[in-house]
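Below is one structure, written out as structure tokens, with a few remarks after it.
Since we're looking at a predicted model, the values are computed, not measured. These values consider heavy atoms only, across backbone and side chains, with no hydrogens, waters or symmetry-generated copies. In each ligand, atom 1 is the first atom listed, and ligand 1 is the first ligand listed.
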Amino acid sequence: MLKVFNYCYFVESFSYSSRTLPMEKTVKYIFVTGGVSSSLGKGIISASIAKLLQGRGFSVTIQKLDPYINVDPGTLNPYEHGECYVTEDGAETDLDLGHYERFSATPTSQANNVTTGRIYQSVINKERKGEYLGTTVQVIPHITDEIKRSIKLLGETGKYDFVITEIGGTVGDIESFPFVETVRQMKWEMREDCAVVHLTLVPFLKAAQELKTKPTQHSVKTMLEQGVQPDIIVCRTEYHLNDGIKGKIAQFCNVTIDRVIESIDADTIYDVPLLMREQKLDIAVLETTHSRIPDQLDLSNWERFVKRLKNPKDEVNIGLIGKYVELKDAYKSIDESFIHGGSANECKVNVILIQSENINEKTVSGLLEGLHGILVAPGFGGRGIEGKIEAIRYARENKIPFLGICLGMQCASIEFARNVLDFEDAHTTEIDTKTPYPVIDLMEDQKKVKNLGGTMRLGSYNCKLDPESLCYSLYGEDMVRERHRHRYEFNNNYREEFENAGMRLAGINPEEDLVEIIELKDHPWFVGVQFHPEYKSNVKNPHPLFVGFVKAAMEYKHSLKAKAFSAV
Ligand code: GLN
């Protein structure tokens, strides 16, 4: 009976989708779950599957389901959650979406990141509207139906052959139970149109000198308790898995040996799609989902990128000045953008993290000496801001290539106001509401904002470039779109003074007349941007500002060498 019911459900949902889908197109759903430990790299595995499927000519999107109660990670600080990634449509999302975009070069959206909080919020809103017609609202079926709706929403756009859904957390966690239950239901309803890829750890025990499969067996058992049999098991490992180990995992976890995939530690995350190709993970996914297997798998651009990355002809040191320097993931997209910009220039970029709180007039030259470029990071609040301003003074006066992002651009405006225009105590009203020179001020429509979640100026906006500007020559076009996440903005009352003193307002948002880019005219490479170029850089299209910044750092390095040589 249950079977009949479920097939009816499937037929119904299919006929609904067929109105928007081209005939015969069946969307396949791939779930990526994790076991044994967090931080095994589910995001990278999901993104690698997408890359391989794209390489075979399929269109793919990747979604992340996060089991926490926050509606989105926008209100979480970097200690809790690393970087907050922003999409074109202004969603504040998990940093894994950054990996998805960097690998697949396909923009994500609000629909690509759903949290438990968002699911409950929408179920509770429906309940208040009376949409459940007097029934008791429960985890099953109402919460799981809502999760299902969020997953199918992407499939029903008609744009994708595959929807890959990464389930955050680890199986067995209380929080992830409704998500795993949804996977069970979808697998039952859709059969071969679904595949479950389970990522686990195969640890090497030094004392025993052995790789151990038991944690993997246990985590698959936990999934089986929740009714889900993984189709493919990807094993993170420090050492190669021989057939004996793979066979053991296959036998205990009810899969064939070719569905046990080794994911060995790699030099760079950008190696992972190539390693997964060797392991035939794409074939395993296509076979499981009864999909056609195109002969060609074209990763030539990707291979070229990795080759350039691994064989640099030059090397530069770029300082990243921020206050979260001890956190690996706080500036993730910036780190990755340097990798893209570095590869484009065949140059290794050593990103040197410098705590802005340690920088002052006395320490600045000691801390920043020897750098070939200085980037001042985005951020919120006053901690370390004077150090950022001091670092910018150093970059400006010593003509070191400089890129300021968001708060970094705001600090560059403050530095210029204080030290070039002699506006004593100039500041942003975010930190000093009584400053006599509020060169950075709250945007007009931000003044009435009460709730902090999702209310910043978020997402993609136009920016018109001055044809005389450095940025115009880097982008090669006069109108660009970039992503934002801020409440404060350059104060238009000071435009004239800044311009007269040598600051070019190089990019303006034409709709609201906001300053988006500043450049110094008498400096070889000094750019401040109110937006976040790091969110748009990917392997296919390294961001022109990062490509240009790395190139400027290389040139600066060589000019120093030439100077030293001529002094001898
Ligand atoms: N705190 C600043 C603002 O809200 C800058 C934000 C950022 O760097 N993302 O405008």
Side-chain angles (χ1 to χ4, degrees), residues 72-88 90-93 95 98 320-325 327 329-335 337 356-357 374-389 391-392 402-415 417 426-433 435 438-461 463 482-492 494 507 509 512 514-518 527-537 543 545:
D72 62 44
T75 51
L76 290 173
N77 75 41
Y79 288 106
E80 293 281 321
H81 198 262
E83 170 191 273
C84 174
Y85 186 77
V86 178
T87 59
E88 285 291 297
E92 295 176 284
T93 71
L95 57 78
L320 197 172
I321 321 288
K323 62 178 174 182
Y324 296 115
V325 289
L327 294 177
D329 286 341
Y331 305 112
K332 193 82 205 157
S333 294
I334 294 177
D335 292 341
S337 301
S356 52
E357 284 179 293
I374 292 173
L375 184 145
V376 173
F380 295 83
R383 180 161 73 88
I385 197 162
E386 290 303 325
K388 291 183 174 176
I389 294 169
I392 296 167
F402 166 78
L403 178 59
I405 298 181
C406 207
L407 183 64
M409 172 271 198
Q410 299 177 350
C411 288
S413 309
I414 297 166
E415 192 281 323
H427 222 314
T428 161
T429 53
E430 180 181 358
I431 316 296
D432 179 2
T433 48
T435 168
V439 292
I440 303 294
D441 198 7
L442 200 57
M443 278 182 277
E444 220 27 63
D445 52 0
Q446 283 290 330
K447 291 186 179 154
K448 39 187 190 299
V449 165
K450 292 212 169 58
N451 284 342
L452 293 186
T455 54
M456 281 188 246
R457 182 174 180 237
L458 289 166
S460 201
Y461 288 91
C463 175
E482 291 284 1
R483 299 183 199 172
H484 294 250
R485 184 174 188 245
H486 59 115
R487 294 186 199 279
Y488 294 81
E489 183 72 46
F490 186 92
N491 185 341
N492 280 340
Y494 294 99
N509 169 259
E512 288 173 84
L514 301 172
V515 175
E516 310 283 38
I517 307 178
I518 56 171
V527 178
V529 289
Q530 184 56 81
F531 49 79
H532 291 261
E534 71 275 23
Y535 295 146
K536 281 189 81 165
S537 189
H543 197 286
L545 288 181

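When each of His532, Glu83, His543 is tested with Ser333 by the rule side chain to side chain contact (heavy atoms under 4.5 Å, CB included), just one qualifies, namely Glu83. For the side chain to side chain donor-acceptor pair (under 3.5 Å) criterion with Asp441, the lone passing option out of Thr435, Thr429, Asn492, Thr428 is Thr429.
Judged by the 6.0 Å distance and 45° axis criteria, Arg383 is positioned over the aromatic ring of Tyr324.
Taking atom 7 (C) of ligand 1 as the reference point, the nearest protein heavy-atom neighbour is Cys406 SG, 2.9 Å. Among all non-hydrogen protein atoms, the one lying nearest atom 4 (O) of ligand 1 is Arg487 N, 3.0 Å. In terms of protein heavy atoms, atom 10 (O) of ligand 1 is closest to Tyr488 N, 2.9 Å.
Ion pairing between a basic and an acidic side chain is recognised when a charged N comes within 4.0 Å of a carboxylate O; Glu430 and Arg487 show no such pairing.
The shortest N or O to N or O distance between Gly379 and ligand 1 is below 3.5 Å. Taking only nitrogen or oxygen atoms, main chain and side chain alike, Gln530 does not reach within less than 3.5 Å of ligand 1. For Gly381, no nitrogen or oxygen atom sits less than 3.5 Å from a nitrogen or oxygen atom of ligand 1, counting backbone and side chain alike.
Distances shorter than 4.0 angstrom occur between a heavy atom of Gln410 and an atom of ligand 1. Contact analysis puts His532 in contact with ligand 1, with a non-hydrogen atom separation below 4.0 angstrom.
Residue Ile440 comes nearest to Tyr488 through the heavy atom pair CG2-CB, 3.7 Å, listed as atom of the first residue, atom of the second, then distance.
Below 4.0 Å from some heavy atom of Phe380 lie the following atoms of ligand 1, by number and element: 1 (N), 4 (O), 6 (C), 7 (C), 9 (N). For ligand 1, the atoms lying closer than 4.0 Å to a non-hydrogen atom of Glu430 are 1 (N), 2 (C), 3 (C). Short contacts between ligand 1 and Arg485, defined as distances under 4.0 Å to a heavy atom of the residue, involve ligand atoms 6 (C), 7 (C), 9 (N).
Proximity of a side-chain donor or acceptor of Ser356 to a complementary backbone N or O of Ile321 within less than 3.5 Å is not detected. Of the possible polar contacts, none joining the Glu357 side chain to the Gly387 backbone as a donor-acceptor pair under 3.5 Å is found. Checked by atom type and distance alone, the side chain of Lys323 pairs as donor or acceptor with a backbone atom of Phe380 at under 3.5 Å.
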